[in-house]
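Please read the structure below before turning to the comments.
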Amino acid sequence: MTVGGGREALLAPRERAAASPLALGEVPRTWGELLADAGALAAALGETVGGEVMVACGDRYFAAATMLAVWSRGAVAALPPNGRVETIDRLCAERGISIILHDGGGQGEAGVDVRGAFGRAAPAVPAPAFEPARRLVTVYTSGSTGAHVACPKTAGQLCGEAALLARLFEVGPETRVLATVPSHHLYGLLFGILVPLVGGGAFVRATPLHAETIAAAARDFGATMLASVPAHLGGVARLSADALPPFARIFSSGAPLDPETARDVAALTGTPVTEVLGSSETGGIAWRDVPGAGGWRPLPGVEVEADAEQRLRVRSPFVAAADLDAAGWFRGADRIVVRADGGFALAGRADGVVKIGGSRIALPEVERRLREISGVVDAAVVAVDVPGPRQHELLAAVVAPDLDVPALRAALLRWLEPVAVPRRFRIVSALPREDNGKLVRARVLALFSNSEPSEGLRTSRDSSAPARVVVPFHVPADWKFFRGHFADYPILAGVVQLREIVLREATSRWSELGGLRRITGLKFKKPIAPGDDLDIELGRSEPGRVTFALRRGPEVMSSGALEFAPPDATGSAPS
């Protein structure tokens, strides 16, 4: 296998048998069927493709077959930062991408459902081998600011990294990989498709998100490796001891893994979590088997050093040449401390320090102190520019179902100087994380668009509050309310939508509302699934009446009106 040089880069062993298992699911597929389906789609596409083609397939097998078809036509597969239709449409408009290939989620004239082409008679594509310098994929990320960042990947980089990971973690023909990260993310693409391809193993077609469905898929398809993210592993850690099959490896990437979660998962499964450090720009950088204890080891062939400011510098065959300095190094945003044994420890983000009134404040430290407060499930802290001598203010979005803002402030003041305590808080049901576990700064800031300057969600609001508000809401992938609704097709029950989302937001925003008397005009139009990003739209044209709509992009998922008793009357909430 070549990485950056040589004559070809391979995506599978040359001797792989056509009948060998490849994709596991209700409809399993073999290696030979993958090549045949890719050939059928390539024939259907004809000679019309070129440049970049958007691949937006949720099913991992369909994604693999579609990419092979695109590559066989000489085009580049563009992978979006998330699977939302609005994001994909906007990205295609920005980048001039005219074709969207999907497996049921595309819209508009540019969208082509690839499922109709599979199974047709056509010559199979040959086992994929590429010139190492040929660009196969452009991974688009949202970046920390929300702006789309293009990360081009060549065949040498993709195949080389997949081969390295397969060798390092002993992926072979008997390996069965279950990934909870979609294949449009580089981590999900590598561990969920390319690593088992290169190693001759198989992957699970689905991308389960919450703990019970992860466990069910692992048992049903005999998964031997789990590739996940901290947000999903937190739910896995709460499963019963017999819920999961034995794993040879459990991987985590995309965000820092809490040491307690790592310990709980290891205790539950008997397998330590292997944490992988990397990014879309760099590919994999390092790994460690004891999360939280330091000691990152660079991947074979990857060099790591600290510059004069302790910033991470990486020399790697997996980084695009355009991102390297004249000496061939990539400069990252993490600060590190190099260890005598050649490993290193992370020392926070170099871009996570701001000055407030002359004091240097580390945002990761404030986040860490928030997460350590008993009752806090998750937290994110961002800094915004303000006029005057303070220069910056901190905003904190916190998942803490049983706490209020004064309690959070009091707890932080035990550890932090008053200048480091956020000026504005927002207590939410879940943070708007991407499906790879990361947070986009713009989406965190959107949580504060309708909150009071110095308080949070649970502040008193009177009838002078806005008559119409729109609040973003992320549906947690492992929310307990999905349990039992339903094993193979999880949806959010209507009563949960009303009680846990609509009613909570309405009564928190307008605390003077009386008890709930009745609900009128109620319509549940489309199912809400794990991981959905919604907008809660509330309207209040009369003192005791609140209209609502839950939207996913332009789609109305449910709507209705809540009628409340006067403040001195009694009522009841839905149960």
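Being a predicted model, the structure only gives us computed values, none of them experimental. One-based numbering along the sequence shown.
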Is there a donor-acceptor pair under 3.5 Å between the side chain of [X] and the backbone N or O of [Y]?
| X | Y | result |
| --- | --- | --- |
| Asp37 | Gly119 | yes |
| Thr66 | Phe62 | yes |
| Ser20 | Arg16 | no |
| Arg120 | Gly116 | yes |
| Arg443 | Pro432 | yes |
| Asp59 | Tyr61 | yes |
| Arg552 | Asp533 | no |
| Thr224 | Arg176 | yes |
| His210 | Glu212 | no |
| Tyr187 | Ser279 | no |

Specify the closest pair of heavy atoms between [X] and [Y], including all atoms of both residues, with the distance to one decimal.
| X | Y | answer |
| --- | --- | --- |
| Gly160 | Phe318 | C-CE2, 3.9 Å |
| Ile100 | Ala56 | CG2-CB, 4.5 Å |
| Gln157 | Thr154 | OE1-N, 3.0 Å |
| Val475 | Ala529 | CG1-O, 3.8 Å |
| Phe482 | Pro530 | CZ-N, 3.5 Å |
| Val276 | Trp296 | C-CZ3, 4.0 Å |

**OP:** Applying salt bridge (Lys or Arg N to Asp or Glu O under 4.0 Å) between Asp325 and each of Arg313, Arg315, Arg331, report the one that passes.
**Re:** Arg313
Original post:
If we ignore angles and hydrogens, is there a donor and acceptor under 3.5 Å between the side chains of Ser252 and Glu275?
Top reply: no
Once you round to the nearest 0.5 Å, how far does [atom1] of [X] lie from [atom2] of [Y]?
| X | Y | atom1 | atom2 | result |
| --- | --- | --- | --- | --- |
| Tyr140 | Cys92 | OH | SG | 8.5 Å |
| Leu11 | Leu136 | CG | CG | 7.0 Å |
| Leu35 | Leu22 | CG | CG | 9.0 Å |
| Leu178 | Phe251 | CG | CZ | 12.5 Å |
| Gln497 | Ile491 | CD | CD1 | 8.5 Å |
| Thr141 | His184 | OG1 | NE2 | 11.5 Å |

**OP:** Mind running side chain to side chain contact (heavy atoms under 4.5 Å, CB included) on Val76 and Val53 for me, showing each step along the way?
**Re:** CA-CA 6 Å; Val76 175; Val53 176; over 6 Å; no
**OP:** Decide side chain to side chain contact (heavy atoms under 4.5 Å, CB included) for Glu555 and Lys526; before the verdict, give the C-alpha distance in whole Å, the side-chain angles of both, and the deciding distance to 0.1 Å.
**Re:** CA-CA 8 Å; Glu555 299 179 303; Lys526 295 193 175 183; 2.6 Å; yes
Original post:
How far apart are the C-alpha atoms of Ile214 and Leu209, what are their side-chain angles, what is the distance that settles it, and do they pass the side chain to side chain contact (heavy atoms under 4.5 Å, CB included) test?
Top reply: CA-CA 7 Å; Ile214 292 171; Leu209 299 178; over 6 Å; no
Side chains of [X] and [Y]: does their closest heavy-atom pair fall under 4.5 Å?
| X | Y | answer |
| --- | --- | --- |
| Val273 | Thr261 | no |
| Trp287 | Phe169 | yes |
| Thr180 | Leu226 | yes |
| Trp329 | Glu305 | yes |
| Val149 | Glu281 | yes |
| Leu239 | Leu244 | yes |
| Leu164 | Leu299 | yes |
| Leu68 | Pro128 | yes |

Original post:
Cationic tip of Arg135 within the cone over Phe130's six-membered ring, i.e. under 6.0 Å and within 45° of the normal?
Top reply: no
**OP:** Determine, for Asp103 against Arg60, whether the closest basic-nitrogen to carboxylate-oxygen distance falls under 4.0 angstrom.
**Re:**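 A salt bridge is absent here (no side-chain N lies under 4.0 Å from a carboxylate O).
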**OP:** Output yes when Arg95 and Glu52 qualify as a salt bridge under the 4.0 Å nitrogen-oxygen rule, no when they do not.
**Re:**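 No, this pair does not count.
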Subject >> Worked verdict on Asp113 versus His102 for side chain to side chain contact (heavy atoms under 4.5 Å, CB included) >> reply: CA-CA 5 Å; Asp113 192 332; His102 64 84; 3.7 Å; yes
Original post:
Is the number of heavy atoms from other residues, nucleotides or ligands within 6.0 Å of CD (Glu170) greater than 12?
Top reply: no
